[in-house]
Amino acid sequence: MIWLRYLDRVLRGEATGAAALRNGDIEQPAGGLTVLGAILGAIYGLCMGCYTLFQGRHASLLQAFATVIKVPALVFLTLAVTFPSLYVFNALVGSRLSLLSVLRLLVISLTVMLTVLASLGPIIAFFSASTSSYPFMLLLNIAIFAVSGSLGLRSMLTALHRLTPAPAASPLPAAKLAEPVAHAAGPLEPQVGRQVSREVRTVFRVWVVVFGLVGAQMAWVLRPFLGSPDRAFSWFRPRESSFFEAVFYALHHLWR
Amino acid sequence: MKSLLLCADGIIHGDVRQDQSEPLWRSSLQRLGIVILFGGCYGATMGAFGGVGGERWLQVLYAALKAPFLLLVTFALSLPSSFIFNALYGLRADYAQVFRTLLSGQAGLTVLLASLAPLTLLWNISTGGHQAAVLFNALMFGIATVGGQVLLRRSYRALLARDARHALMLRLWGVVYMFVGIQMAWLLRPFVGDPDKPVAFFRADAWGNAYVALFQLLAHVFTR
């Protein structure tokens with residue numbers, strides 16, 4: 001129950017709000033959120049697995065089970081791969097966040113992502129049950145992952161902007177995700193402060209792109225998630241092709 | 001029954017104050033009742049296209065069940081993401097009112113549909129083509145949807161005055177709801193039973209994806 005309260009704090013933006021960040025650190029413990037995030041990911045995995053369940057092919061139960069495990073695995077493996085670079089980048093731009101705080105921040109933003117995923121789960125389950133077209137389901141799932149991933153990362157960017165030693169952590173509500181932080185700069189260094197902030201933003205934007213690419217590649221390594229109707233079940237596929245080639249192929253085949 | 005009709009009247013007049021004085025569960029139940037009753041009325045009219053004699057009354061019953069089912073299940077499927085998006089954008093505190101407003105929009109849509117039912121009845125009596133009847137019903141649904149949007153916007157005004165971000169949420173709701181609703185309507189065919197085909201709750205060949213069908217149709221048109 002207390003974990004749910006944590007989740008609620010995260011969604012309300014209190015965990016990364018101005019009040020919580022006043023000490024320049026994140027105090028929200030991440031252990032419970034990790035478990036909760038894994039459960040939310042598994043829920044989405046189950047909704048995704050409805051595709052293979054309703055196709056009723058050989059080993060469809062096994063494929064659905066694999067998907068339930070793979071969705072949280074995808075998210076947390078991506079976290080493991082990208083975490084060191086975020087910490088180093090973050091230190092380079094002059095933040096004094098501790099290792100634990102950066103980890104907590106990432107877990108919080110990934111929890112946001114997994115919550116959005118799980119909330120879109122019923123829609124995916126419905127479409128999975130009624131659709132036989134493999135390219136359509138593939139593209140729909142990718143779109144949903146993209147939407148939830150970008151929302152999660154936006155929540156992280158906002159928190160990072162608040163935490164970097166830019167002029168002031170202005171008391172903006174967490175809600176203003178997209179707005180750049182309007183800072184009340186000190187009278188002596190208004191322009192300098194702004195310049196630093198812009199560089200910082202660029203660094204983090206680059207990092208977000210890296211995160212996206214790593215996520216896509218990780219999804220490719222862990223495939224199959226949906227299980228193509230033309231191929232037998234296997235836990236992993238051999239090395240072949242690439243994520244972007246597959247998306248292009250699916251787009252092309254949607255028209256057939 | 002009388003309170004249900006009064007409530008329906010309040011909804012189409014955009015009477016928000018009366019609504020907010022009631023507890024959430026009660027006003028939600030009333031709206032559910034309105035969707036089932038008024039949606040069922042329109043569904044029955046729609047299903048009566050092939051006549052009501054013999055086995056045909058079953059088609060009337062099926063359509064009466066399907067119309068509210070279509071709206072309510074689409075609503076239920078779109079709700080979780082709507083809640084999470086509102087929370088993420090910091091509008092969590094307003095969500096009880098957002099929920100009331102959205103559900104009222106659903107109820108308003110069915111009241112509008114039911115008010116168009118006499119037109120459909122006249123159409124059913126006067127014309128014979130099944131395709132034309134399907135198109136006519138699609139037109140009625142279109143009109144009701146536009147009207148529902150008007151109602152929704154009107155009752156959203158108070159929320160918008162409080163926070164401009166509600167506009168984005170309303171648009172997002174519309175996109176998700178339409179995306180799910182179109183597929184749901186496609187799956188639940190036939191609504192207007194073809195008089196030449198046997199009565200059926202589901203059509204065996206209806207199981208599929210509306211968007212894929214649309215893509216294929218487009219591809220077929222353009223690559224001929």
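Atoms considered below: every heavy atom in the structure, side chains included; atoms not considered: hydrogens, waters and symmetry mates. Because the structure is a prediction, the values reported are computed rather than measured. Letters A, B, ... are given to chains in the order of the sequence lines, protein chains preceding strands, and every chain is numbered from 1.
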- Query: Quick one: what part of B/Phe85 sits under 4.5 Å from any heavy atom of chain A, side chain, backbone, both or neither?
  - Reply: side chain
- Task: Name the member of B/Leu79, B/Ile84, B/Val73 that forms the most heavy-atom pairs with chain A at distances under 4.5 Å.
- Result: B/Ile84
- Task: Take A/Phe126 and B/Thr74 through the test side chain to side chain contact (heavy atoms under 4.5 Å, CB included) and record every step on the way to the result.
- Result: CA-CA 10 Å; A/Phe126 166 60; B/Thr74 305; over 6 Å; no
- Applying a strict 4.5 Å limit to non-hydrogen atoms, the region of B/Val176 in contact with chain A is side chain
- Task: Identify which part of A/Ser132 has an atom lying under 4.5 Å from any heavy atom of chain B, answering side chain, backbone, both or neither.
- Result: neither
- Counting heavy atoms not belonging to A/Phe54, are there more than 12 under 6.0 Å from its CZ? no
- Message: Within this structure, what is the CG-CZ distance for the pair A/Leu11 and B/Phe83, rounded to the nearest 0.5 Å?
- Response: 7.5 Å
- Who wins among A/Val112, A/Ile123, A/Val116 for the most heavy-atom pairs under 4.5 Å with chain B? A/Ile123
- Message: To the nearest 0.5 Å, what is the distance between OG on B/Ser81 and CD1 on A/Ile124?
- Response: 11.0 Å
Give the table of side-chain donor-acceptor pairs shorter than 3.5 Å for residues 134-142 of chain A, with sequence neighbours excluded, one pair per line with atom names and distance.
| unit_1 | atom_1 | unit_2 | atom_2 | d |
| --- | --- | --- | --- | --- |
| A/Asn141 | OD1 | A/Tyr44 | OH | 2.6 |
| A/Asn141 | ND2 | A/Met137 | O | 2.9 |

List the atom pairs, donor and acceptor, that lie under 3.5 Å between side-chain atoms in residues 58-69 of chain B and the rest of the protein, sequence neighbours left out.
| unit_1 | atom_1 | unit_2 | atom_2 | d |
| --- | --- | --- | --- | --- |
| B/Lys66 | NZ | B/Leu188 | O | 2.7 |
| B/Lys66 | NZ | B/Pro190 | O | 2.8 |
| B/Lys66 | NZ | B/Phe201 | O | 2.5 |

- Message: Can you tell me which portion of B/Leu77 sits under 4.5 Å from chain A's heavy atoms? Options are side chain, backbone, both or neither.
- Response: both
- Message: Could you check whether any side-chain heavy atom of A/Arg154 comes within less than 4.5 Å of a side-chain heavy atom of B/Leu88, counting everything from C-beta outward?
- Response: no
- Can you name the nearest heavy-atom pair linking A/Pro122 to B/Pro80, along with the distance? CG-CG, 3.9 Å
- Minimal heavy-atom distance between A/Phe127 and B/Val180, with the atoms involved, is CE1-CA, 4.3 Å
- Message: How long is the straight-line distance from CG of B/Asn209 back to OG of A/Ser133, given to the nearest 0.5 Å?
- Response: 6.5 Å
